Amino acid sequence: GGSAALVHRSPDGKRVAVVNREQGSFDYTYEFDEFLFVLSGRARVRVVGGDAFVLKKGDVAYFVKGTSVHFDVDKGFSDATMLMSDDVPVDWK
């Protein structure tokens, strides 16, 4: 559950900046690269086949296209995110 707001989309659609407010548990496989900066709250992250870690206010993370992740996100979590693709426009809303 949550909400998102588009901040910027490049003319070619390959760079999209978004601010998200999220909560709950969910799995996600990235269809593009994502760089995020945590604005508030906390999220527990488990990369499938990789590390588990916690993101909190002020932390940054980078997920490469194809990475599968499980998130447990506390209520009040928000982030500023840049979604990037070198191939095709980012398919975001």
Side-chain angles (χ1 to χ4, degrees):
S3 60
L6 178 67
V7 176
H8 173 77
R9 183 183 305 272
S10 65
D12 65 3
K14 294 180 181 179
R15 304 290 182 265
V16 177
V18 179
V19 175
N20 298 296
R21 181 171 294 275
E22 302 174 276
Q23 68 181 27
S25 294
F26 54 94
D27 296 311
Y28 187 74
T29 299
Y30 285 89
E31 299 176 19
F32 35 74
D33 291 355
E34 177 176 331
F35 172 85
L36 69 83
F37 175 77
V38 179
L39 299 171
S40 65
R42 187 174 115 145
R44 286 161 302 288
V45 180
R46 184 177 41 83
V47 177
V48 175
D51 295 332
F53 52 93
V54 174
L55 292 171
K56 61 190 180 314
K57 183 178 179 178
D59 288 344
V60 298
Y62 187 85
F63 299 100
V64 177
K65 177 181 177 179
T67 303
S68 294
V69 181
H70 175 78
F71 291 95
D72 285 310
V73 181
D74 294 344
K75 183 176 181 179
F77 180 84
S78 63
D79 62 65
T81 299
M82 175 61 82
L83 313 171
M84 301 158 286
S85 172
D86 289 330
D87 306 322
V88 296
V90 172
D91 184 19
W92 185 87
K93 298 185 181 188

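Quick caveat, the model's predicted, so the values are computed rather than measured. For this chain, numbers begin at 1 and follow the sequence in order.
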Quiz item: Is there a donor-acceptor contact under 3.5 Å from the side chain of Thr67 to the main chain of Tyr30?
Solution: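 No; judged by distance alone, with no hydrogens or angles, the pair does not exist.
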Quiz item: Cluster partners of Met82, using ILVMFWY side-chain heavy atoms under 4.5 angstrom, listed by chain and number?
Solution: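 Direct or chained contacts put Met82 with Val7, Val19, Phe35, Phe37, Leu39, Val60, Tyr62, Val64, Met84.
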Can you name the closest pair of heavy atoms from [X] and [Y] and give their distance?
X	Y	result
Trp92	Ala4	CZ2-CB, 3.6 Å
Ala43	Val73	CB-CG2, 4.0 Å
Ser68	Thr29	OG-OG1, 2.8 Å

Practice problem: Give, for atom CZ of Phe71 and atom OG of Ser25, the distance between the pair rounded to the nearest 0.5 Å. | Solution: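 Taking CZ in Phe71 and OG in Ser25, the distance rounds to 11.0 Å.
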Self-check item: Nearest-0.5 Å distance, CG of residue Asp74 to CZ of residue Arg42
Solution: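 It is 6.0 Å, given to the nearest 0.5 Å.
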Residues two or more places apart in sequence or in another chain: which of them pass salt bridge (charged side-chain N to carboxylate O under 4.0 Å, His left out) with [X]?
X	result
Arg15	Asp86
Arg9	none
Asp27	none

Identify each donor-acceptor pair in which a side-chain atom of residues 47-59 lies under 3.5 Å from a protein atom, sequence neighbours left out, and give them as a table.
unit_1	atom_1	unit_2	atom_2	d
Asp59	OD2	Lys56	N	2.9

Quiz prompt | Residue list, side chain to side chain contact (heavy atoms under 4.5 Å, CB included) with Asp91, at least two apart or on another chain | solution =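 If we apply the side chain to side chain contact (heavy atoms under 4.5 Å, CB included) test to Asp91, skipping adjacent residues, there are no hits.
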Quiz item: So, Lys14 and Asp87, do they make that salt bridge, N to O below 4.0 Å?
Solution: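 No, this pair does not count.
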Exercise. Check whether Leu36 and Phe26 end up in the same hydrophobic cluster, where Ile, Leu, Val, Met, Phe, Trp and Tyr are linked by side-chain heavy atoms less than 4.5 Å apart.
Key: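 Hydrophobic grouping puts Leu36 with Phe26.
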Quiz item: Taking the inter-plane angle between the rings of Tyr28 and Phe32 on a 0 to 90° scale, is it parallel (under 30°), tilted (30 to 60°) or perpendicular (over 60°)?
Solution: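 Aromatic pair Tyr28/Phe32 classed tilted.
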